[in-house]
Amino acid sequence: AGPPDSAIPPTRISWSHHTGWSGFTPELRETLAKAFPGLDLDLACNESDAWLRLKPANARKKNWFTFLTNWLRRSSPSLSNQTDDFTSGNDGKKNEGGAAPPALSHHRQPDGPWRGAFEATYGRLPDGGWATLPPAIQREIRTVLAEADALLLASFEAAEKNERGEAA
């Protein structure tokens, strides 16, 4: 999945907490756009930048290009159903059948009480808004919401109202 290394022109992209992503050339941008059709490269790069800023301990990479292309591969709507590392739940096991779920758009905030679903899944409230969550977590929260019954959705909604200080 993703572009073969020989299809990518030599590059020296990098990321730092002070500057974000740097080193993109027009040739690299064109190659990545062809390799990941249908993906908003700017949005995906901004998402990865936000994730790295929120997780500074994870911001030590030997190969930034590999990190970014893996991020783009996981974010790409055309390639997300080809990934082999999607997990469901927190136990690290693949979902039933071993196949990845259908592609789920992570560009818009989902309908429904996603913060409540996040808290129920991870045992804490999210640190930021929807756009700051990594694509894999966004997909997992969308799946939790899609599979929740009416009672569970009501409990997620109550958790969100409680967070906002509203009467349940």
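The figures that follow rest on heavy atoms only: side chains count, while hydrogens, waters and symmetry mates do not.
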Q) Rounded to the nearest 0.5 Å, how far apart are CZ of R74 and CZ of R139? A)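 R74 CZ to R139 CZ: 8.5 Å, rounded to 0.5 Å.
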ask   = Once you round to the nearest 0.5 Å, how far does CH2 of W64 lie from CH2 of W71?
value =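 Answer for the CH2-CH2 pair, W64 versus W71, is 11.0 Å.
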Taking side chain to side chain donor-acceptor pair (under 3.5 Å) as the test, write out the residues that go with R60, two or more places apart.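 R60: no side chain to side chain donor-acceptor pair (under 3.5 Å) contacts found.
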Residues passing the side chain to side chain donor-acceptor pair (under 3.5 Å) test with N63, sequence neighbours excluded, are T66
### Task
Mind checking side chain to side chain contact (heavy atoms under 4.5 Å, CB included) for S22 and listing every partner two or more places apart, or none if nothing turns up?
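Partners of S22 under the side chain to side chain contact (heavy atoms under 4.5 Å, CB included) test: S14.
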### Residue pairs passing the salt bridge (charged side-chain N to carboxylate O under 4.0 Å, His left out) test where at least one lies in residues 28-37, sequence neighbours excluded
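For residues 28-37, and leaving out neighbouring residues, the salt bridge (charged side-chain N to carboxylate O under 4.0 Å, His left out) pairs sorted by first residue read R29-D42, E30-K34.
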Salt bridge (charged side-chain N to carboxylate O under 4.0 Å, His left out) pairs touching residues 126-136, sequence neighbours excluded, are R124-D127
Closest heavy-atom pair and its distance - L145, P113: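 Looks like CD2-O, 3.9 Å.
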Evaluate the side-chain proximity of F65 to L28: yes if any heavy-atom separation is below 4.5 Å, no if none is.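 A side-chain contact under 4.5 Å exists here.
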Show the atom names and distances, to 0.1 Å, of all donor-acceptor pairs under 3.5 Å that link a side chain in residues 149-159 to residues at least two apart or in another chain.
{"unit_1": "D149", "atom_1": "OD1", "unit_2": "L151", "atom_2": "N", "d": "3.3"}
{"unit_1": "D149", "atom_1": "OD1", "unit_2": "L152", "atom_2": "N", "d": "2.8"}
{"unit_1": "S155", "atom_1": "OG", "unit_2": "L152", "atom_2": "O", "d": "2.7"}

Below 3.5 Å, can you tabulate the donor-acceptor pairs from side chains in residues 49-57 to any protein atom, sequence neighbours excluded?
{"unit_1": "D49", "atom_1": "OD1", "unit_2": "W15", "atom_2": "NE1", "d": "2.6"}
{"unit_1": "D49", "atom_1": "OD1", "unit_2": "R53", "atom_2": "NE", "d": "3.1"}
{"unit_1": "D49", "atom_1": "OD1", "unit_2": "R53", "atom_2": "NH2", "d": "3.4"}
{"unit_1": "D49", "atom_1": "OD2", "unit_2": "R53", "atom_2": "NE", "d": "2.8"}
{"unit_1": "R53", "atom_1": "NH1", "unit_2": "H17", "atom_2": "O", "d": "2.4"}
{"unit_1": "R53", "atom_1": "NH2", "unit_2": "H17", "atom_2": "O", "d": "3.4"}

*Parallel, tilted or perpendicular: which describes the rings of W21 and F24, with under 30° parallel and over 60° perpendicular?*
perpendicular
query: Where does the angle between the aromatic ring planes of F118 and Y122 fall among parallel (under 30°), tilted (30 to 60°) and perpendicular (over 60°)?
result: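 Answer is tilted, since the angle falls between 30° and 60°.
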